[in-house]
Amino acid sequence: TPSQLSVPRAVLRKRADLATTLRSALARKGRCQKDERPLVVGAHLRFATSSRSFAKEAHPHSWLGPVRTEVNGIKTTRIVLCTHNGDFEALDVGKLFGGESRPMALDELRRWLAVRLGRPAPCAADSCALAGCLDLLFAAGDAASAARLAVARLDDVRAGDATIRSTLVEGLKAGLDGDALTKLLNERYPPNMAPLAAPDAQRIAADALAEFQKGDLRTAVVRVLRNAHGAFGVAAHASAAPGAVVLGSVKQPMIIGIGRGFVAYASERAALHVGCVGSHLEARYVLKEGDVISVVSGTPGLHCGAVLQRATLSHGTFATLEDFDGVSDLMARPVNPSQFGGDVVGRDLADLPSVLQAITRSFDGGPNKVTASTFSSRLFDAQRRGASPFDLVIIWGGG
């Protein structure tokens with residue numbers, strides 16, 4: 001059922017082997033039977049640099065957590081989950097609702113979300129704030145969520161007005177059109193006490209209807225990324241959209257791997273290949289700047305078992321990747337079967353010697369080598385002058 005979404009967590013110190021522990025947790029709790037939907041797994045095998053090693057700081061994040069609600073007339077438990085890598089710094093709330101620019105940094109954004117979502121942030125991670133944005137914007141089929149989102153643009157007092165929200169929920173469940181919903185809003189308050197002017201009531205009624213009908217998960221991801229500040233990749237799941245994941249990238253790499261019977265994704269090529277060890281990875285798709293990819297479980301006859309669609313932040317319409325521009329973007333990098341039998345992991349391993357040689361050539365005689373040499377010389381001079389007790393100093397630089 002849509003409410004069956006498991007969140008096993010494995011919490012160790014930051015440098016421990018989380019992958020092994022999490023794999024064991026999935027083996028116990030995440031098995032997929034033949035008669036069930038394909039198993040969708042989203043995980044992040046590290047804590048954010050700014051967070052602490054507590055369970056509530058671990059991915060995946062959700063602001064609201066499991067909530068009892070009604071989706072498309074069916075009572076269920078709804079949860080929206082977000083796995084995120086990078087830095088989410090701010091959201092332009094003004095542009096989000098089609099108005100003047102009004103960027104909110106994370107502290108202000110958390111306060112703004114707390115009023116509209118009805119509860120404070122469960123943790124301080126930027127991933128949690130991103131999850132809160134998705135919790136707010138994913139409203140399709142859920143009258144309570146659509147009502148909450150429709151009044152989100154208002155000031156704090158009116159955005160939290162229980163009467164306005166309950167009236168919208170009542171009208172949406174009754175199937176009222178925009179005019180009837182506006183009339184219902186106006187009838188709930190005496191003329192001299194109405195918190196909404198007539199144009200505001202009409203706009204909110206129209207927004208509530210639109211979000212109820214079209215505010216799906218991938219639209220929510222597009223809207224967040226279109227108005228976000230920072231550089232990050234994100235993967236979003238929801239119990240109300242079982243068997244699906246939405247991937248997005250803003251100024252940061254993200255890559256999808258295609259194999260027989262599976263689709264894998266990661267923020268780095270190396271991570272994708274490590275995760276696919278023992279499986280035949282046949283093709284890849286590297287997300288371009290502003291790409292959003294929707295992965296939805298398909299029929300068993302499909303090669304990878306899923307339908308992949310792509311949209312951009314400038315054009316929010318999704319098109320199937322195989323039909324995009326008449327050429328398969330998934331196969332844009334042809335596979336050389338003669339050397340590795342179509343194994344792209346093997347091709348990358350074969351490239352390693354030439355890549356290392358190129359790094360060495362760029363370092364020798366360059367400004368990085370001069371800087372490293374000067375720094376190490378001055379450090380050793382300072383250690384000698386201070387009669388340091390250290391017998392060995394190791395300097396490691398990395399990006």
Side-chain angles (χ1 to χ4, degrees), residues 44 46-52 56-65 80-139 145 148-160 207 211 215 217-238 246-254 267 287-293 311-316:
H44 196 326
R46 67 182 294 271
F47 286 90
T49 307
S50 59
S51 67
R52 296 173 293 176
K56 68 178 182 179
E57 302 282 354
H59 295 261
H61 284 284
S62 177
W63 186 294
L64 290 176
V80 179
L81 295 169
C82 162
T83 305
H84 149 266
N85 186 49
D87 296 315
F88 173 50
E89 299 170 354
L91 183 74
D92 196 322
V93 173
K95 289 185 177 180
L96 178 68
F97 295 108
E100 296 294 325
S101 180
R102 185 191 169 194
M104 284 188 183
L106 290 185
D107 286 344
E108 184 182 5
L109 180 61
R110 289 188 191 99
R111 291 191 292 269
W112 184 86
L113 286 169
V115 172
R116 283 140 188 88
L117 294 174
R119 66 181 64 178
C123 73
D126 58 344
S127 304
C128 187
L130 186 60
C133 296
L134 295 175
D135 254 320
L136 179 67
L137 292 172
F138 178 32
S145 297
R148 181 173 59 210
L149 178 53
V151 299
R153 70 170 73 215
L154 302 177
D155 58 79
D156 287 355
V157 173
R158 293 186 297 170
D207 286 349
E211 302 297 350
L217 183 61
R218 62 186 190 180
T219 301
V221 172
V222 169
R223 291 178 69 182
V224 170
L225 299 188
R226 194 178 276 167
N227 298 285
H229 293 224
F232 58 90
V234 62
H237 314 256
V246 183
L247 310 169
S249 174
V250 176
K251 301 177 184 177
Q252 179 165 304
M254 183 171 280
S267 56
L287 272 69
K288 304 175 180 66
E289 170 65 22
D291 267 359
V292 177
I293 304 293
T312 64
L313 298 184
S314 55
H315 301 90

Heavy atoms, side chains only, cut-off 4.5 Å: are [X] and [Y] in contact?
X      : Y      : value
Cys133 : Leu113 : yes
Lys251 : Glu289 : yes
Pro60  : Thr83  : yes
Arg148 : Leu136 : yes
Leu154 : Val151 : yes

Distance-minimising heavy-atom pair for [X] and [Y]:
X      : Y      : value
Gly215 : Phe138 : O-CD1, 3.4 Å
Gln252 : Asn85  : NE2-O, 2.8 Å
Asn227 : Lys95  : OD1-CB, 3.3 Å
Val222 : Leu313 : O-CD2, 3.8 Å

Under 3.5 Å donor-acceptor, [X] side chain and [Y] backbone:
X      : Y      : value
Arg110 : Pro120 : no
Trp63  : Arg119 : yes
Arg153 : Phe97  : yes
Glu89  : His229 : no

Nearest 0.5 Å please: distance from the [atom1] atom of [X] over to the [atom2] atom of [Y].
X      : Y      : atom1 : atom2 : result
Asp135 : Leu117 : CG    : CG    : 6.0 Å
Phe232 : Leu130 : CZ    : CG    : 5.5 Å
Arg226 : Thr312 : CZ    : OG1   : 8.0 Å
Leu149 : Leu96  : CG    : CG    : 8.0 Å
Arg111 : Asp156 : CZ    : CG    : 10.0 Å

Please determine which of [options] meets the side-chain contact (heavy atoms from CB on, under 4.5 Å) test together with [X].
X      : options                : result
Leu134 : Val80, Val246, Leu81   : Val80
Cys128 : Cys82, Ser62, Cys123   : Cys123
Phe88  : Leu225, Leu106, Val250 : Leu106

Kindly indicate, with the supporting measurements, whether the criterion side chain to side chain contact (heavy atoms under 4.5 Å, CB included) is fulfilled by Met254 and Lys288. CA-CA 8 Å; Met254 183 171 280; Lys288 304 175 180 66; over 6 Å; no

Between Glu211 and Arg223, is the closest basic N to carboxylate O distance under 4.0 Å? yes

Give the intermediate values and the outcome of side chain to side chain contact (heavy atoms under 4.5 Å, CB included) for residues Ile293 and Leu287. CA-CA 8 Å; Ile293 304 293; Leu287 272 69; 3.9 Å; yes

Please assess Val93 against Leu109 for the test side chain to side chain contact (heavy atoms under 4.5 Å, CB included), listing each intermediate value before the final yes or no. CA-CA 9 Å; Val93 173; Leu109 180 61; 4.3 Å; yes

For Ser101 and Asp92, does a side-chain donor sit closer than 3.5 Å to a side-chain acceptor?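 There is such a pair (donor and acceptor under 3.5 Å, judged by atom type) between the side chains of Ser101 and Asp92.
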
